Amino acid sequence: MPLTGVEPARMNRKKGDKGFESPRPYKLTHQVVCINNINFQRKSVVGFVELTVFPTVANLNRIKLNSKQCRIYRVRINDLEAAFIYNDPTLEVCHSESKQRNLNYFSNAYAAAVSAVDPDAGNGELCIKVPSELWKHVDELKVLKIHINFSLDQPKGGLHFVVPSVEGSMAERGAHVFSCGYQNSTRFWFPCVDSYSELCTWKLEFTVDAAMVAVSNGDLVETVYTHDMRKKTFHYMLTIPTAASNISLAIGPFEILVDPYMHEVTHFCLPQLLPLLKHTTSYLHEVFEFYEEILTCRYPYSCFKTVFIDEAYVEVAAYASMSIFSTNLLHSAMIIDETPLTRRCLAQSLAQQFFGCFISRMSWSDEWVLKGISGYIYGLWMKKTFGVNEYRHWIKEELDRIVAYELKTGGVLLHPIFGGGKEKDNPASHLHFSIKHPHTLSWEYYTMFQCKAHLVMRLIENRISMEFMLQVFNKLLSLASTASSQKFQSHMWSQMLVSTSGFLKSISNVSGKDIQPLIKQWVDQSGVVKFYGSFAFNRKRNVLELEIKQDYTSPGTQKYVGPLKVTVQELDGSFNHTLQIEENSLKHDIPCHSKSRRNKKKKIPLMNGEEVDMDLSAMDADSPLLWIRIDPDMSVLRKVEFEQADFMWQYQLRYERDVVAQQESILALEKFPTPASRLALTDILEQEQCFYRVRMSACFCLAKIANSMVSTWTGPPAMKSLFTRMFCCKSCPNIVKTNNFMSFQSYFLQKTMPVAMALLRDVHNLCPKEVLTFILDLIKYNDNRKNKFSDNYYRAEMIDALANSVTPAVSVNNEVRTLDNLNPDVRLILEEITRFLNMEKLLPSYRHTITVSCLRAIRVLQKNGHVPSDPALFKSYAEYGHFVDIRIAALEAVVDYTKVDRSYEELQWLLNMIQNDPVPYVRHKILNMLTKNPPFTKNMESPLCNEALVDQLWKLMNSGTSHDWRLRCGAVDLYFTLFGLSRPSCLPLPELGLVLNLKEKKAVLNPTIIPEAVAGNQEAANNPSSHPQLVGFQNPFSSSQDEEEIDMDTVHDSQAFISHHLNMLERPSTPGLSKYRPASSRSALIPQHSTGCDSTPTTKPQWSLELARKGTGKEQSPLEMGMHPVASAPLSVFTKESTASKHSDHHHHHHHEHKKKKKKHKHKHKHKHKHDSKEKDKEPFTFSSPASGRSIRSPSLSD
Amino acid sequence: MADAAATAGAGGSGTRSGSKQSTNPADNYHLARRRTLQVVVSSLLTEAGFESAEKASVETLTEMLQSYISEIGRSAKSYCEHTARTQPTLSDIVVTLVEMGFNVDTLPAYAKRSQRMVITAPPVTNQPVTPKALTAGQNRPHPPHIPSHFPEFPDPHTYIKTPTYREPVSDYQVLREKAASQRRDVERALTRFMAKTGETQSLFKDDVSTFPLIAARPFTIPYLTALLPSELEMQQMEETDSSEQDEQTDTENLALHISMEDSGAEKENTSVLQQNPSLSGSRNGEENIIDNPYLRPVKKPKIRRKKRPGKVTGKKGLFAAVLITKKTVQRVQDIWIPLIDSRFVAPLSHPRTSFLFLSSSGLQVFH
């Protein structure tokens, strides 16, 4: 049966969810990317792409592709010049000079802009017109070859150039370039269909300097010199269908290491780092073996490459058959702390090779499956490599993280479904960003999303068993690998895409179990469960009366109904009970097995079969209960607050073998500062068999308890004698043994204990002198000469300990901090810090851990008033050219300074760095740190909060960060933290508080000035004097808040802009196109502007503003007059302010007018052009694009 | 008999003349002792009534006497030490003599015989002269059993242990203390020096000298200093696992050797291989050639004239072709074969105005 492109798609649609329905009226089968010139000096790239495309509908006349920041010279289809327009609405989200400064407005507009070019909705920035000569060809659904010549000049995203400014050739300088970005960002460096669901085969060619190596996806077929022998061309073939988003590139003077265990694996690093690379990657083959074994599936690609580069965007980025890592993951055999972290990164990237690169996703809402599976198998690897304790500890940590995040921000939704497309139905209305697109997500949300995804995958495993789970994975993989070897015409490639429904179907096929409730609870719904548990023991009935309450009303919570495991440790053993949590039942009676404690001498059996002797004197004589645990297996995403007596927690800590239980009891014991708790913790600390992380957290708990008990304690400071016994010389207890870190457990304990000890405080709330001397002695006698390992992390932690010992200075009349009045203890600390920091300049430590700790310690001293607060030192360390860890530490200090000292200058300095720093990671990090530690928040009065700042930040997120999704979302996060969702309170009110909504024919309060309901009320309650205007406004209009709505039709004019242009690209209708567009697509919402009104794509609110301004001038419109009494009352309060700001407004006004005129002019121009083109009719032409695509053929059009 | 005495006297002078040759004081001492013994033997012979004696017989007798006395001394010392003493007593000598078969009872009578001769102390001829300047302290007097004509004891410092320094510190605590403070002092001095000679930063505006911080200076390639272990650490590392290191260098050398062989075939491509000498760090020596595309030689451009196919180039082209076939992998064979063909058709001698460039994506004309 000869199949054309159309049938399978339709058939699939009939079959329902299983098949994949492409949003595009064509299918991409093969793409060539050829970059024939890379200039490191100018940071530019020249090349072409060629896409082989099969139309799936007749009448295909426009092809939309993705391309950002590329300059497109020429487009040819089957060797015929083709017209194209290039429009990127995300360049500037809110086009017109808008007075709207509220985030609601922005987020909607941004989501709309991203939608307008979303490849998953069939959209793109680049719209190519199929030349009319080919229409017949297209109608026969014959192949089209689209050839696009493009160049990139100084790319700000997508490709990152690292060019150190030293002498020598680029190769000698270690200059390199690599692709990077968040989610599907390939469009930043070449035109493509930037979707995870559009698979095709690839041919990649890169011509680079002869001293350089180009690493890319697939097999390196050959390397050929150019004719002048000065350059080499690397030819790559990727025969496994792959999405453009999984294509990557790294070029640099790399050192090459073929893996000694697997010759098809090649590692690359920057010059001089080869020894480190050898050591770092020596473990990788074991990871390979592990994954291949559990998945019973060979690694899908014929080769694998790891590239370690500098200034990485993220630590780990996985692409088809290659992974790009940060060079900072490399380490030598002497480094303890980095080793497990790096191995984790390697394992993580390899897991993503299977799920994420080889198997791709159908749509954004299926992302959770891939992240979940790769995270889950990575977890299995962790369990095998680092042991069950580490694994359970990690799961607990991840669970705590997601729970904390969801309770804070209100829920992470794994599988968002957007029915209807109305914003009101938005499942994530509690968020300040849209979750419809990966590119609008806050970075933190996305990390939490990944975390939740793998936890949910584990829940599924709990339900259907690991065996079935792995069978499902194997099934997905084997289907995909069968599909991958097929030719395109068989239409099997969609088997390589995973969807939520497909995944669930194979689970039910394989396991025969119904996991729908589980999916509904954790995947289709956001939120976590919050349990409160308490119990009473009924002696008469010998029954444990357990009460479990739930909080499902707070944000980020949901109600849980279903089974819940409770483990009760009694005298006679440990017993599991499964309770059914139902709607209204709070109390659960659990019968106890142990009658009483007659047999005192008997050993007590534990859960794992072990029998132990316990000292039972502490327990309640009437009850046989030792301890109770709710949901010990973490099979619910929950937070449990459970009440039991202190001795029960102590028993749990001492005798429960599960590290999670131990951790929980340590946390609980903080509330019971008694000698018994103290003893239990000390015993745990001493126990060699106990998991080291538990012992580490016991240190900190012990410090807290000791502080609470300080008035009654007379002995030596907590942990001191213990440390002395464990790590100091027998003959001279004040001298620590020479370092020997062979036992990692004790190494970690030795590192941590002093840090915790430094948190001890005496009755005056000062760190005891004894402790400080002790730490100083540790530093003094530290001797690493005989050690096999580096002690840089240990020394860094000693500095952290010094910093922890610092307490606020006693300040007399705000005197200036000088050397003369320096506290003698601080003098000692400062002495050490100075020496360490200076020594680092001469003998730098690995990753400069010591400098990092010193900088942090100096900030602590500044903050506590011992040293004058001054950001100059940090600013010098934050400069580009320092190691990234140092920079981040220094920037953190500057951010903190900005907050504490409310420094406008420093804030500006930081914002400047956000815009101009060469390293994307640093820019992202600054935004992140400012969001975490903001100089002020929305409910706070601050001198920093002013109009200029609002404008600056607005500009930053509106247009300043268009080259980096992550950065833009970071800017949005910051804006939200500083100003909230509504119009920032520091902005002066616009002249008119009311606007007319012509559509509904009524006047409403200008949506831009309505304060956020919650924020406003709070503020009013807290300090009614600070914002009188809000009070004044709220009273008459409190009901009108409901009417605050952003007109979605006009919110985003870019869509209109595009459709306008498309209208102009005079077209016969494409009937198939609209059918293929999902109903949820944004374009459905947007009314097609008729050619008549195309010159007014301005937003309506603005228009009314304009009207209002005119009104206040001379001629008042009758409508305006009628409203005047209402409006003037509140406004009269602010006449002064408004006149003050009049001047600037005036300017704005003019500016605006001017811009508008210009725009009109432009449009006219295009109109004219349209006519021209009509005349010329079929002659190929190109459009001047507003972004960067300039036409060669029609220079007259470029304005 | 007088002759014997004369001979004895002559013997004395004879030895003296002989001693002229030897300048060693120890030899002199021995000679003097022997001379004394000769005098004794001669006088005993005279006592026994000999008029004269041959030199050889006197010598023999002297030798016997010397042996006898030595044996008494040695044996007496043994008896003395046997009873845990260092100073011999009379009884030691008696027992010795008895042991040697000597009738001790006859001794007093023999000592009191009338015709015995008394020998005077030999004249001290070569008193060892010690330079005055080097004398330190008082020379020890002879113990009573040593005749005064024996040489003086040497200067006390040559044989008496004198405590000129304190006990060597073996106390752990002190050692650690010392090491720590020494290191700290060195570090402090060094950093202060660096701070004094270079740019500094300070935490206090009013005082820049008390806690001087060496100014932060950005690196051009920051990751190198951050990641590579310092030379100090490298040394340590080498010390700790030198065996492993050796093994590695061995394989490296091997690999280098192999790559050199390879490069012999195709000189142009050596640069690539030499860049990565340790690539083929294969454990099993048999499998020397690792098939990794990044290790393959870079090909030279394929040049082809438009209208003149079928012309074979010189040796180099052939070489390359052979090399390729040797290393060709099966999975890419179909792509390689046309390329090999094109190798044979590169007209190097002709001006490169316009030629065809064969790539797997199709034919493209380059100008």
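The chains referred to below are lettered A, B, ... by the order of the sequence lines, with proteins before strands, and numbering in each begins at 1. It should be emphasised that the depicted structure is a prediction, and the values quoted were computed from it without experimental measurement.
Heavy-atom distances place both the backbone and the side chain of A:V736 under 4.5 Å from chain B. Contacts between B:A179 and chain A at a heavy-atom distance below 4.5 Å involve the side chain alone, from C-beta outward. With a 4.5 Å cut-off on non-hydrogen atoms, B:L227 touches chain A through its backbone and its side chain both. Only the side chain of A:N734 comes within less than 4.5 Å of a heavy atom of chain B; its backbone N, CA, C and O stay farther away. With a 4.5 angstrom heavy-atom cutoff, B:Q201 touches chain A only via side-chain atoms. Residue A:T849: no heavy atom, backbone or side chain, is found under 4.5 Å from chain B. For a residue to count as touching a neighbouring chain, one of its non-hydrogen atoms must lie under 4.5 Å from one of that chain's; by this rule A:F268 touches chain B with the side chain only. With a threshold of 4.5 angstrom between heavy atoms, A:V265 approaches chain B through N, CA, C or O but not through any side-chain atom. Contacts of A:H882 with chain B are made by both backbone and side-chain atoms, with heavy-atom separations under 4.5 Å. Both the backbone and the side chain of A:R827 come within less than 4.5 Å of a heavy atom in chain B. Using a 4.5 Å cut-off between heavy atoms, A:K737 contacts chain B through its backbone alone, with no side-chain atom that close. Contacts of A:L830 with chain B are made by both backbone and side-chain atoms, with heavy-atom separations under 4.5 Å. Neither the backbone nor the side chain of A:E840 has a heavy atom closer than 4.5 Å to any heavy atom of chain B. For A:K780, the parts lying under 4.5 angstrom from a heavy atom of chain B are both the backbone and the side chain.
One distance of note links OG1 of A:T738 with NZ of A:K786; it measures 6.5 Å at 0.5 Å rounding. To the nearest 0.5 Å, atom OG of residue A:S332 and atom CG of residue A:L276 are 6.0 Å apart. In this structure, B:Y294 OH and A:F234 CZ are separated by 7.5 Å, a value rounded to the nearest 0.5 Å. A distance of 3.5 Å separates CD in A:E222 from NZ in B:K299, rounded to the nearest 0.5 Å.
Between the side chain of A:R230 and the backbone N or O of A:A210 there is no donor-acceptor pair closer than 3.5 Å.
Of the listed residues A:I886, A:D783, A:T834, the one with more heavy-atom pairs under 4.5 angstrom with chain B than any other is A:T834. If you tally non-hydrogen atom pairs under 4.5 Å between each of A:A872, A:C729, A:S731, A:P271 and chain B, the highest count goes to A:C729. When B:R192, B:R217, B:E177 are compared by the number of non-hydrogen pairs under 4.5 Å with chain A, B:E177 comes out ahead. For chain A, the option among B:D171, B:L190, B:L203 with the highest count of heavy-atom pairs below 4.5 Å is B:L203. Residue with the most contacts toward chain B among A:L270, A:V166, A:I858: A:L270 (heavy-atom pairs, distance under 4.5 Å). No other option in A:L861, A:V884, A:N782 has as many heavy-atom pairs under 4.5 Å with chain B as A:N782. When each of A:L837, A:V215, A:T327, A:D870 is checked for heavy-atom pairs under 4.5 Å with chain B, A:T327 comes out on top. The candidate with the highest count of non-hydrogen atom pairs below 4.5 Å against chain B, out of A:L330, A:L843, A:N328, is A:N328.
For the pair A:L220 and B:P293, the tightest heavy-atom approach, listed with the atom from each and the gap, is O-CB, 3.5 Å. Heavy atoms only, all atoms of each residue included: B:L224 and A:Q272 are closest at CD1-NE2, 3.6 Å. Closest of all the heavy-atom pairs between A:L277 and A:L257 is CD2-CB, 3.7 Å.
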How far apart are the C-alpha atoms of B:E187 and B:R184, what are their side-chain angles, what is the distance that settles it, and do they pass the salt bridge (charged side-chain N to carboxylate O under 4.0 Å, His left out) test? CA-CA 5 Å; B:E187 285 183 4; B:R184 172 172 298 229; over 6 Å; no
Quick one: do A:E50 and A:K203 satisfy salt bridge (charged side-chain N to carboxylate O under 4.0 Å, His left out)? Show the steps, please. CA-CA 10 Å; A:E50 190 179 89; A:K203 172 159 176 50; over 6 Å; no
Please report the C-alpha distance between A:E167 and A:R173 in whole Å, then the side-chain angles of each, then the deciding distance to 0.1 Å, and finally whether the salt bridge (charged side-chain N to carboxylate O under 4.0 Å, His left out) criterion is met. CA-CA 7 Å; A:E167 290 291 300; A:R173 285 154 73 168; over 6 Å; no
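For the side chain to side chain contact (heavy atoms under 4.5 Å, CB included) criterion with A:V33, the lone passing option out of A:W202, A:F48, A:Y236 is A:W202.
A 6.0 Å sphere centred on CE of A:M262 holds more than 12 heavy atoms belonging to other residues, nucleotides or ligands.
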